[in-house]
A.B. asks: 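I have a structure here, written as structure tokens, and I will follow up with some questions on it.
Chain A is the first sequence line, chain B the second, and so forth, proteins listed ahead of strands; every chain is numbered from 1.
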Amino acid sequence: MASRLFSSYSSIFHDPTPTPLSSSSRNLKLPNFPSRPHFRTCVSSQLTPDPNSPDPVTKSSSLSKNKIWVNPKKLKAKQLLKKSSTSRFNPNPLVNVTKSLDSCQSDQEVSLILNNAFGDNVLGRDAVFILNKMVNSNTAPIVLKHFLDKINPSKGEEVILYNVTLKVFRKSGDFRGAEKLFDEMLLRGVKPDNITFSTMINCARMCSAPDKAVEWFEKMPRYGCEPDDVTCSAMVYMYARVNNADMALKLYERAKAEKWRLDTVTFSTLIRMYGMSGNYDGCLSVYEDLKVLGVKPNVAMYNTLLNAMFRAKRPQQAKIIYEEMTGNGFLPDLITYAALLRVYVAAQFKEEAFRVYKEMKEKGMEMSTVLYNILLAMCGDVGCTDEAIEIFEDMKSSGTCKPDDWTFSSLITIYSCSGKVSEAEAALNEMVKSGFEPNLFVLTSLVQCYGKAKQTDNVVKTFKQVLDKGIIPDDRFWCCLLNVMTQTPNKEFGKLIDCIEKANSKLGSVVRYLVEEKEDDGVFRKEVSELLNSIDAEVKKPFCNCLIDLCVNLNVPDRARDLLDLGLKLEIYTDIQSKSQAQWSLNLKKLSLGAALTALHAWISDLSKAFQAGEDLPPLLGINTGQGKHRYSDKGLASVLKSHLKELNAPFHEGADKSGWFLMTKVAAKSWLESRGSTESIAAMRSVDLGVPTMALHH
DNA sequence: ATAGGGTTAG
């Protein structure tokens, strides 16, 4: 304590134009307290008498005394000005008095310190200053009592002193103590005001006692206080924080009706509340309210909104909000950029994501490992291998963040998806060298990598590593292994089936049915149903896709149809076929090539049946393959479909203004269906080589 | 620095 006081005082000594230690010159909301121009004189005269005194306060102030009496005006002003401009330190000695009071153990100690510091001459504003800074709710009431005795304040001044003491209880999370002080306040005949109540309400909130907060909010009128902007904000904020949306909104509506001006933070918290519950329109409507009501937004509010739009998967909306934000002169911070990156990465808006990344670099903002990882994961998802390498190098040279297991995992996945064995292996080595053990993610990627490169023995080797490490493969891993099978020459199937059977008998049995074309009487369907039902929801579709691809490759189209039917029945596939008055459609998005072709043939067969049954066709028939090529597949679904339709002589043409669509008119459809009669079209599938797309391993 | 009160990612 002594040294603190000393250092504070000596820094005052260095200040050529010391501000009055008590900022009584400020125009404060304390008109009732008498002002005193120079607290300094007071401190020095009160704290000095014996230079040899062991008392730390006295001693240090005596040290200070010698210096403080140097008239700063006699020193060279310019020289001192220089010093002071480099020093941000200009503390009020009352801060140190406060600290001493906070660490007092007894009433006596409190009295001693206060008497030493002030004697009988206490200023109201100094009392407020000290209580406002205190954190110890055990000594604060003693200090308060001392001030009440010495100052003899008016009732209006008393309520201020009580309020500021209540704050100490809020700071130390002592709601019981706050209630006790409130009672004392009443006993003394001091009338609480709105500030008293907002302090009580916030104290209750911080003590996790929302019911108490409500109680105090509701009893305001009993004391002649009516709720206002701040008390209402505090309540809305509290309800929103504890996710009581009903009450938060009820009160929010009331605030609007009463024209109470809620603050930005409360709006922010309402947006957050809506975002957490998935009501994203709610987020936007609160934002609209804020604008309409003319409440000034801040960066945190925009960030909350952007993060909600990320969860909402609404990249366009996020873009608009970001533009409004910068348009209003707010500078994006790290959290803003992180939110934007997430939004764009999730939407796979790679240009936008890279632009955010570049802007961050330009502004010298520090990327975190997590942000780098998010970017790298996106590079994997959209197939930006070169960009990924660049980002990875930048990350390593940043000096601030190190690649972690996730980083390496993404990198290995990126190489694996394009079958770059040596690069993937090099990344794996670097990962191990950096002290990370390859996890299931990495090993799954390697299986994919070796599978793509048709290095079946390495697939088997990697599989064994999984088991040796005691890792239990997940559904993603099995799906990957199935995917590898669709790319593996038949003569090597045995090796893979051995692997599968070793650790997953259900899947092993299903695969054997397919490969060995075993006869069955419904057993296959039953086993596949069980298998698909047991699989993680997000893997069901790619898993089913792989099984169908395998059937197509093995040239067992009936099994493929069985699997497609099953997938439809289990609602793994939905809305593949749809009919409206104007158009019948086949939606092949998110299907693998094999599954897409199987679905196509099923559709054509359904069309034939409908046509033969004399059903009227719609004006237009369309197939939607979706826009882009698949990320790691050489052949996009659209291009394969195009050539396949040609083989079938099906008169579809690519949609001119509808990319990703193949369309056929009613007239063309009729003549085509007529000409092909009842010929089975499935045979045509044999010639198709499936460059089966890989699936995303990361989420 | 002198009475009310809080926020925004994994």
A.B. asks: Using whole Å, report how far CZ of F330(A) lies from P of dT7(B).
C.D. replies: 18 Å
A.B. asks: Look at the side chain of I160(A) and decide which nucleotide, out of dG10(B), dG4(B), dA3(B), has an atom nearest to it.
C.D. replies: dA3(B)
A.B. asks: Measure from the side chain of Y237(A), starting at C-beta and using heavy atoms only, and say which of dA3(B), dG6(B), dT8(B) lies closest.
C.D. replies: dG6(B)
A.B. asks: Checking T231(A) against D228(A): is there a side-chain donor and acceptor pair closer than 3.5 Å?
C.D. replies: yes
A.B. asks: Please list, one pair per line, the donor and acceptor atoms closer than 3.5 Å that link side chains of residues 253-261 of chain A to other protein atoms, with sequence neighbours excluded.
C.D. replies:
residue : atom : partner : partner atom : Å
E253(A) : OE2  : K256(A) : NZ           : 3.4
R254(A) : NE   : E258(A) : OE2          : 3.3
K256(A) : NZ   : D289(A) : OD2          : 2.7
R261(A) : NH1  : L293(A) : O            : 3.4
R261(A) : NH2  : G294(A) : O            : 2.7

A.B. asks: Applying a 4.0 Å non-hydrogen cut-off, can you work out what T196(A) is touching in the nucleic acid: base, sugar-phosphate, or nothing?
C.D. replies: nothing
A.B. asks: Whole angstroms only, please: what is the CZ-P distance between F182(A) and dG4(B)?
C.D. replies: 17 Å
A.B. asks: At under 4.0 Å between heavy atoms, what does T304(A) touch on the DNA or RNA strands: base, sugar-phosphate, or nothing?
C.D. replies: sugar-phosphate
A.B. asks: Does R241(A) make a side-chain N or O approach to OP1 or OP2 of dT8(B) shorter than 4.0 Å?
C.D. replies: yes
A.B. asks: For L334(A), which contact category applies under a 4.0 Å heavy-atom criterion: base, sugar-phosphate, or nothing?
C.D. replies: base
A.B. asks: So for D228(A) and dG4(B), does any side-chain atom that can act as donor or acceptor lie under 3.5 Å from a complementary atom in the base?
C.D. replies: yes
A.B. asks: Rounded to whole angstrom units, what separation is found between the CG atom of D404(A) and the P atom of dG10(B)?
C.D. replies: 16 Å
A.B. asks: May I ask you to say what N194(A) touches in the nucleic acid, namely base, sugar-phosphate or nothing, with a heavy-atom cut-off under 4.0 Å?
C.D. replies: base
A.B. asks: Mind calculating the distance between CZ (R125(A)) and C1' (dA3(B)) to the nearest angstrom?
C.D. replies: 13 Å
A.B. asks: Tell me the ring pair (Phe, Tyr, Trp, His ring centres under 6.0 Å) pairs involving residues 229-253 of chain A, sequence neighbours left out?
C.D. replies: Y252(A)-F267(A)
A.B. asks: Atom CD1 of I201(A) to atom P of dG6(B): distance rounded to whole Å?
C.D. replies: 13 Å
A.B. asks: Assess, by modelled atom type and distance only, whether the side chains of Y357(A) and E387(A) contain a donor and an acceptor separated by less than 3.5 Å.
C.D. replies: no
A.B. asks: K167(A) side chain N/O closer than 4.0 Å to the phosphate oxygens (OP1, OP2) of dG4(B)?
C.D. replies: yes
A.B. asks: Over how many whole Å does the gap from E226(A) atom CD to dG4(B) atom P extend?
C.D. replies: 22 Å
A.B. asks: Need one value for S368(A): base, sugar-phosphate or nothing, where a base atom within 4.0 Å counts as base even if backbone is also close, heavy atoms only.
C.D. replies: base
A.B. asks: S198(A) has a side chain; which of dG4(B), dG6(B), dA3(B) sits nearest to it?
C.D. replies: dG4(B)
A.B. asks: Taking CG from L306(A) and C1' from dT7(B), how many angstroms apart are they, rounded to a whole number?
C.D. replies: 14 Å
A.B. asks: Could you state the atom-to-atom distance from OH of Y322(A) to P of dA9(B) in whole Å?
C.D. replies: 17 Å
A.B. asks: Is the shortest side-chain N/O distance from R170(A) to OP1 or OP2 of dG6(B) below 4.0 Å?
C.D. replies: yes
A.B. asks: Describe the nucleic acid contact of T336(A) in one word from base, sugar-phosphate, nothing, applying a heavy-atom distance below 4.0 Å.
C.D. replies: nothing
A.B. asks: Measure from the side-chain heavy atoms of V164(A) and tell me the nearest of dT7(B), dT8(B), dA3(B).
C.D. replies: dA3(B)
A.B. asks: Is the shortest side-chain N/O distance from N307(A) to OP1 or OP2 of dA9(B) below 4.0 Å?
C.D. replies: yes
A.B. asks: Is any side-chain heavy atom of T336(A) closer than 4.5 Å to a side-chain heavy atom of D333(A)?
C.D. replies: yes
A.B. asks: Is there side-chain contact between F392(A) and C379(A), with heavy atoms separated by less than 4.5 Å?
C.D. replies: no
A.B. asks: Looking only at side-chain atoms of R205(A), point me to the closest of dT8(B), dG6(B), dA9(B).
C.D. replies: dG6(B)
A.B. asks: If you look at every strand shown and take non-hydrogen atoms under 4.0 Å, does A338(A) touch a base, only sugar-phosphate, or nothing?
C.D. replies: base
A.B. asks: Reckon R342(A) touches a base, only the sugar-phosphate, or nothing at all at heavy-atom distances under 4.0 Å?
C.D. replies: base
